[in-house]
Amino acid sequence: MQANKFRIIGLVLVAGLLAFTWLRIGLSKSTEIRQPIRFNHKKHVQGGLECSGCHQTVKDQATAGRPETSLCMTCHEASVTKNPEENLIREYAQRHEEIPWQRVIKLPDHVFFSHRRHVSTEKLDCTSCHEAIGQSSEPPSRPIKFSMDSCLACHQKMKASVDCVACHK
Amino acid sequence: MPKWGMVIDLDKCTGCQACVVACKTENNIPFSTPEQAEMGRTISWIEIIPIMEGEYPRPKLRYLPRPCLQCDHPPCIKVCPVYATYRNPEGLVGQVYSRCIGCRYCTAACPYTAKYFNWSAPTWAKEFEPCLNPDVSKRPKGVVEKCTFCHHRLQKAKEKVKAEGRELKDEDYVPACVQTCPAGAMYFGDLDNPNSKVTQQTKSPRAFRLLEELGTEPKVIYLTEGEWHGAYRK
């Protein structure tokens, strides 16, 4: 009787573990982000480009903006590297298509965030929130998440508004 | 810190509903269906309440535009169990949709019926989607919403004046309803500034507050000729 009980508990535990692993693999696959081009932030920053060179609306709009193919082509029309990924840009340009960059940061609908307010008005550096993205040689494979705690910690430190409706719309 | 307030001159209001349309467009308020309207589920952050008096052949019809009155002592915030509605330092009564659990205590507590519950998820025609205001969220099913005095406009105004390196003036921040009113019956400004137009208007003998005896101290002040005061207090 006692042995049977242990066997059942064991079976339940194994089934639970299997279900958990299966769920995790499933979830991680569904959240995985694959960019159309393996963009190297580090190389661009080392080459002397500023963040606003590609994210052109960062200083005057709520969203920072992702570069259009034509903007990439201003530098990459002729080959500047030996990386085969670079050819992909020209292929998109030949087809007159925009590069389908995938979003890595998505704010919830109830939050309003303005890049202009933070970058132009308050003169915050991009690394204050985006940390080491400029030093990464691979695009992020998972969505980047921001917590309200990190926003609040900075708002309290900088004596910015911590009123709920200042950010929640 | 400014204390934002509104003055509505009822003697000028023609009941044209332009403020209602402006508000609905500005704040992504979904269109109501006849079925929803029949059940009293139409959302209208500012509502023109008609007041009928007299009988044929001399009927009288008066209009009372009613936004959220942004009370200084709001009964709605006292009953909210989750701090989803609160009075902010500038005196505006905020509504945080992501915190709201939809208990509707605040809807019941508001003596001015200025709070609305989302009985269904909002929908718009595909053609209308590009017209939605990105500065205002689309409220999900199951939360309470209300007029915010177009708070997002205040945020933008603050950003603008900071960039220009000057102080915020009354004309920098105006809600959509006040901006639209074709009769010029609505005024908006800082009630703490003794020189502002709204403060001057509140000193008028025509000024009164809605259901003043409740002690809610609303920051929407109405103006009308003396003989009409009593009718609005009923």
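Computed over heavy atoms, backbone and side chain alike; hydrogens, waters and symmetry mates excluded. In the text below, chain A, chain B and the rest are named by the order of the sequence lines, each starting its count at 1. Remember, predicted model here, so these are calculated numbers, not experimental data.
Once rounded to the nearest 0.5 Å, the distance linking CH2 of B:W45 with CD1 of B:I43 reads 9.0 Å. Rounding to the nearest 0.5 Å places SG of B:C68 at 8.5 Å from CD of B:Q95. Here the straight-line distance linking atom CD1 of A:I99 with atom OG1 of A:T69 works out to 4.5 Å at 0.5 Å rounding. The NE2 atom of B:H152 sits 5.0 Å away from the CG atom of B:N133 when rounded to the nearest 0.5 Å.
Note on ring orientation: taking the six-membered ring where Trp is involved, the planes of A:H130 and A:H115 are parallel (angle under 30°, cut-offs 30° and 60°). The aromatic rings of A:H118 and A:H155 sit tilted, their planes meeting at an angle between 30° and 60°.
Using non-hydrogen atoms only and a strict 4.5 Å limit, no part of residues 17-28 of chain B faces chain A. Within residues 109-127 of chain B, no residue has any heavy atom under 4.5 Å from a heavy atom of chain A. Along residues 40-58 of chain A, no residue comes nearer than 4.5 angstrom to chain B, judged on non-hydrogen atoms.
Only the backbone of B:V136 comes within less than 4.5 Å of a heavy atom of chain A; no side-chain atom from C-beta onward does. With a threshold of 4.5 angstrom between heavy atoms, A:S161 does not approach chain B through any atom at all. B:P134 touches chain A through its backbone: at least one of N, CA, C or O sits under 4.5 Å from a heavy atom, while the side chain does not. Contacts of A:A166 with chain B are made by both backbone and side-chain atoms, with heavy-atom separations under 4.5 Å.
Annotation for A:R7: atom CZ does not count as buried by contact number, only 12 or fewer foreign heavy atoms lying within 6.0 Å.
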*Tell me, with the steps shown, if A:D109 and B:K138 meet salt bridge (charged side-chain N to carboxylate O under 4.0 Å, His left out).*
CA-CA 8 Å; A:D109 282 344; B:K138 293 183 257 180; over 6 Å; no
*Show the numbers, then the answer: is there a salt bridge (charged side-chain N to carboxylate O under 4.0 Å, His left out) between B:K197 and B:D170?*
CA-CA 9 Å; B:K197 191 155 190 185; B:D170 272 6; over 6 Å; no
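Contacts with chain A were tallied for B:N88, B:L154, B:T148; B:N88 has the most, counting heavy-atom pairs under 4.5 Å. By number of non-hydrogen pairs under 4.5 angstrom with chain B, the leading residue of A:R117, A:E122, A:H110 is A:R117.
Two residues are said to be in side-chain contact when any heavy atoms from C-beta on lie closer than 4.5 Å; A:P143 and A:I105 fail this criterion. In this structure, the side chains of B:T202 and B:L191 come closer than 4.5 Å at one or more pairs of heavy atoms. Side chains of B:C177 and B:M6 form a contact here, defined as non-hydrogen atoms less than 4.5 Å apart.
Contacts classified as salt bridge (Lys or Arg N to Asp or Glu O under 4.0 Å) and involving residues 145-169 of chain A (residues at least two apart or in different chains) are not found.
A donor-acceptor contact under 3.5 angstrom links the side chains of B:R153 and B:Q179, judged on distance only.
Between B:D72 and B:K3 there is a salt bridge, since at least one side-chain N of the basic residue sits less than 4.0 Å from a carboxylate O of the acidic one.
At least one donor-acceptor pair under 3.5 Å links the side chain of B:T180 to the backbone N or O of B:A176.
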